[in-house]
Amino acid sequence: MKTQYCDEIRLADFQPAEEFSVEFVRGLTRTPKILPSKFFYDARGSQLFDQICELAEYYPTRTENKILADNIRDIAALCGASCFLAELGSGSSQKTRWLLEHLDDPVAYAPIDISRNHLLAAAARLSEQFFPLEILPVCADYNSPLELPVPSRAPQRAVVFFPGSTIGNFKPQEALHFLKRVASWCQPDDGLLVGVDLRKEKTILERAYNDAKGVTAAFNLNLLARANRELDADFALQNFKHRAIYNETLGRVEMHLISRCRQVARVGARKISFDSDEFITTEYSYKYSSDTFRQLACSAGWN
């Protein structure tokens with residue numbers, strides 16, 4: 001980890017981008033092919049995801065915003081006075097503004113995100129909007145070892161904010177380990193505020209991940225475009241198509257990139273073969289009931 005100062009903002013940089021090449025090739029040379037969804041979020045991917053959050057079909061963002069708006073005073077009271085707020089996968093930090101505007105004398109805010117440029121831009125906006133609140137951005141893969149920054153002023157407690165139902169990107173056993181790891185960053189009186197998407201009708205779920213404007217398809221295909229930009233790859237994007245389906249048995253949305261034909265793509269010196277209709281899994285999004293998620297969190301040590 002290294003510390004950088006960018007326009008008076010102290011950035012803790014765990015340099016997560018170095019993993020991209022190794023994990024990308026590893027994912028495409030296994031059977032079946034699968035890529036970590038964390039690599040969606042380069043600068044272009046982060047911009048596309050912000051657009052997804054505005055789509056009519058994509059209910060999670062507006063629903064979560066409404067929950068926060070309707071309950072913000074109770075949520076802020078639970079966070080307590082003089083808290084240190086750390087957000088995982090902060091993106092543009094839109095939801096966090098609800099909290100920061102209502103918290104009682106917050107000590108600091110630490111946005112944690114894998115997209116360095118997107119993170120710094122959001123941190124600069126928040127620093128201006130909420131001055132003199134201390135903003136402590138962390139560029140990291142939150143699923144890898146990291147340390148929360150230490151605010152200049154001692155907080156009464158820390159609260160980890162994990163909105164957007166991103167917890168659903170983990171398989172249940174992975175989610176259990178993740179929740180245990182977050183608990184290990186915290187003291188006994190600290191808190192976790194997490195957004196979880198509930199199970200619902202298949203048609204609603206599949207529309208949310210197959211929008212009419214094709215923004216989610218562009219977001220999915222950007223993963224290959226990123227490899228072309230950064231890994232000296234030669235994916236022909238027109239030879240792949242986006243698909244998202246709801247697996248009712250496993251309770252998850254599965255997002256795929258499907259090869260339209262038999263083809264060979266190059267990633268650096270490595271050649272990757274695809275059969276016609278072979279797919280790469282790029283994301284799982286598990287949906288929970290309130291009871292099953294409560295049981296999962298309790299198993300990880302949360303009360």
Would Lys38 and Glu23 count as a salt bridge (charged side-chain N to carboxylate O under 4.0 Å, His left out) here? Give the steps. CA-CA 11 Å; Lys38 64 184 178 182; Glu23 292 194 40; 3.2 Å; yes
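- Between the side chain of Asp211 and the main chain of Gly214, a donor-acceptor pair closer than 3.5 Å is present.
- Side-chain atoms of Arg44 never come within 3.5 Å of backbone atoms of Ala225 as a donor-acceptor pair (strictly under, hydrogens ignored).
- Remark: the backbone N or O of Asp232 is paired with a side-chain donor or acceptor of Arg266 at under 3.5 angstrom.
- For the pair Arg157 and Phe84, the cation-pi test (distance below 6.0 Å, angle within 45°) is failed.
- A salt bridge links Asp197 with Lys200; the closest basic N to acidic carboxylate O contact falls under 4.0 Å.
- From Gln51, atom CD reaches atom OG of Ser46 across 11.5 Å, with rounding to the nearest 0.5 Å.
- Remark: Leu193 CG to Leu78 CG distance equals 9.0 Å, nearest 0.5 Å.
- Of the charged side-chain nitrogens involved, none lies within less than 4.0 Å of a carboxylate oxygen, so that Glu134 and Arg153 do not count as a salt-bridged pair.
- Put simply, the side chain of Arg270 reaches to within 4.5 Å of the side chain of Thr29, judged on heavy atoms.
- Ring centers of Phe274 and Phe279: at least 6.0 Å apart, outside the cut-off.
- Nearest heavy atoms, Leu198 versus Ser290: CD2-N, 3.9 Å.
- Under a hydrophobic clustering in which Ile, Leu, Val, Met, Phe, Trp and Tyr are joined whenever their side-chain heavy atoms come within less than 4.5 Å, directly or via other members, Ile258 and Met255 fall into different clusters.
- Note that CZ of Phe24 is 10.0 Å distant from CD of Glu230, once rounded to the nearest 0.5 Å.
- In this structure, the side chains of Leu100 and Leu85 come closer than 4.5 Å at one or more pairs of heavy atoms.
- Summarising the geometry of Leu176 relative to Ala300, their closest heavy-atom pair is CD1-N, 3.7 Å, with the distance given to 0.1 Å.
- In this structure, Leu179 CG and Phe293 CZ are separated by 5.0 Å, a value rounded to the nearest 0.5 Å.
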Decide yes or no on side-chain contact (heavy atoms from CB on, under 4.5 Å) for Val138 and Leu148, but give the supporting numbers first. CA-CA 8 Å; Val138 179; Leu148 295 181; over 6 Å; no
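- Residues Tyr288 and Arg199 form no side-chain contact, since every pair of their non-hydrogen atoms from C-beta on lies 4.5 Å or further apart.
- Note on Val159: it does not cluster hydrophobically with Ile67, by side-chain heavy-atom contacts below 4.5 Å among ILVMFWY residues.
- Between Phe219 and Phe40, the ring centre distance stays below 6.0 Å.
- A chain of hydrophobic side-chain contacts below 4.5 Å, direct or via other Ile, Leu, Val, Met, Phe, Trp or Tyr residues, connects Val196 to Val160.
- Under 3.5 Å, the side chains of Gln263 and Ser259 contain a donor-acceptor pair of N or O atoms.
- In this structure, Arg30 and Gly27 approach most closely via the heavy-atom pair CG-O, 3.1 Å.
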Set out, in order, the CA-CA distance, both residues' side-chain angles and the distance that settles side-chain contact (heavy atoms from CB on, under 4.5 Å) for Phe235 and Val267, then state yes or no. CA-CA 8 Å; Phe235 289 99; Val267 182; 3.8 Å; yes
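- Looking only at atom types and distance, the side chain of Tyr209 has a donor-acceptor partner in the side chain of Ser285 under 3.5 Å away.
- A heavy-atom distance below 4.5 Å is found between the side chains of Pro111 and Leu119.
- Using a 4.5 Å cut-off on side-chain heavy atoms (C-beta onward), Cys298 and Gln295 make no contact.
- Between the side chains of Glu87 and Tyr109, at least one donor N or O sits under 3.5 Å from an acceptor N or O.
- Other residues, nucleotides and ligands contribute over 12 non-hydrogen atoms within 6.0 Å of the CD atom of Gln238.
- Rounding to the nearest 0.5 Å gives a distance of 10.5 Å between CZ of Arg243 and CD of Glu206.
- Between Asn169 and Tyr284, the shortest heavy-atom distance links the atoms ND2-O, 2.9 Å.
- Here the closest heavy-atom approach between residue Lys241 and residue Arg260 is recorded as CB-NH2, 3.3 Å.
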Step by step, would you call Lys33 with Thr281 a side-chain contact (heavy atoms from CB on, under 4.5 Å)? CA-CA 6 Å; Lys33 294 177 169 65; Thr281 298; over 6 Å; no
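- For the pair Asp275 (side chain) and Glu278 (backbone), a donor-acceptor distance under 3.5 Å is absent.
- Using a 4.0 Å cut-off between charged nitrogen and carboxylate oxygen, Glu254 and Arg252 count as a salt-bridge pair.
- Atom OG1 of Thr282 is separated from atom CG of Leu224 by 9.0 Å, given to the nearest 0.5 angstrom.
- Taking the six-membered ring for Trp, Phe178 and Phe162 have ring centres closer than 6.0 Å.
- Contact check on Asp42 versus Arg229 returns a salt bridge, with a Lys/Arg side-chain nitrogen under 4.0 Å from an Asp/Glu carboxylate oxygen.
- Relative orientation of the Trp98 and His102 rings is parallel, given thresholds of 30° and 60° on the angle between their planes.
- Aromatic ring centres of Phe49 and Tyr41: separated by under 6.0 Å.
- No hydrogens or angles considered: a donor-acceptor pair under 3.5 Å links the side chains of Gln129 and Arg97.
- When hydrophobic clusters are built by joining Ile, Leu, Val, Met, Phe, Trp and Tyr residues whose side-chain heavy atoms come closer than 4.5 Å, directly or via intermediates, Ile112 is not grouped with Val150.
- Asn239 contributes no side-chain N or O that, together with a main-chain N or O of Cys261, makes up a donor-acceptor pair within less than 3.5 Å.
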Using the rule given for side-chain contact (heavy atoms from CB on, under 4.5 Å), can you reason through Tyr286 versus Thr292, listing the C-alpha separation, both sets of side-chain angles and the distance that settles it, and then say yes or no? CA-CA 12 Å; Tyr286 281 83; Thr292 55; over 6 Å; no
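- Nearest heavy atom pair, residue Ile135 against residue Ser127, reads CG1-CA, 3.8 Å.
- No side-chain heavy atom of Ile280 sits less than 4.5 Å from a side-chain heavy atom of Ile34.
- Between Asp234 and Lys271 there is no salt bridge, since none of the side-chain N atoms of the basic residue sits less than 4.0 Å from a carboxylate O of the acidic one.
- Leu88 has its side chain out of reach of Phe161: every pair of non-hydrogen atoms, C-beta onward, lies at least 4.5 Å apart.
- At a threshold of 4.5 Å between side-chain heavy atoms, the hydrophobic network of Ile, Leu, Val, Met, Phe, Trp and Tyr places Ile245 and Ile52 in two separate groups.
- For the pair Trp302 and Val194, the minimum side-chain heavy-atom distance is 4.5 Å or more.
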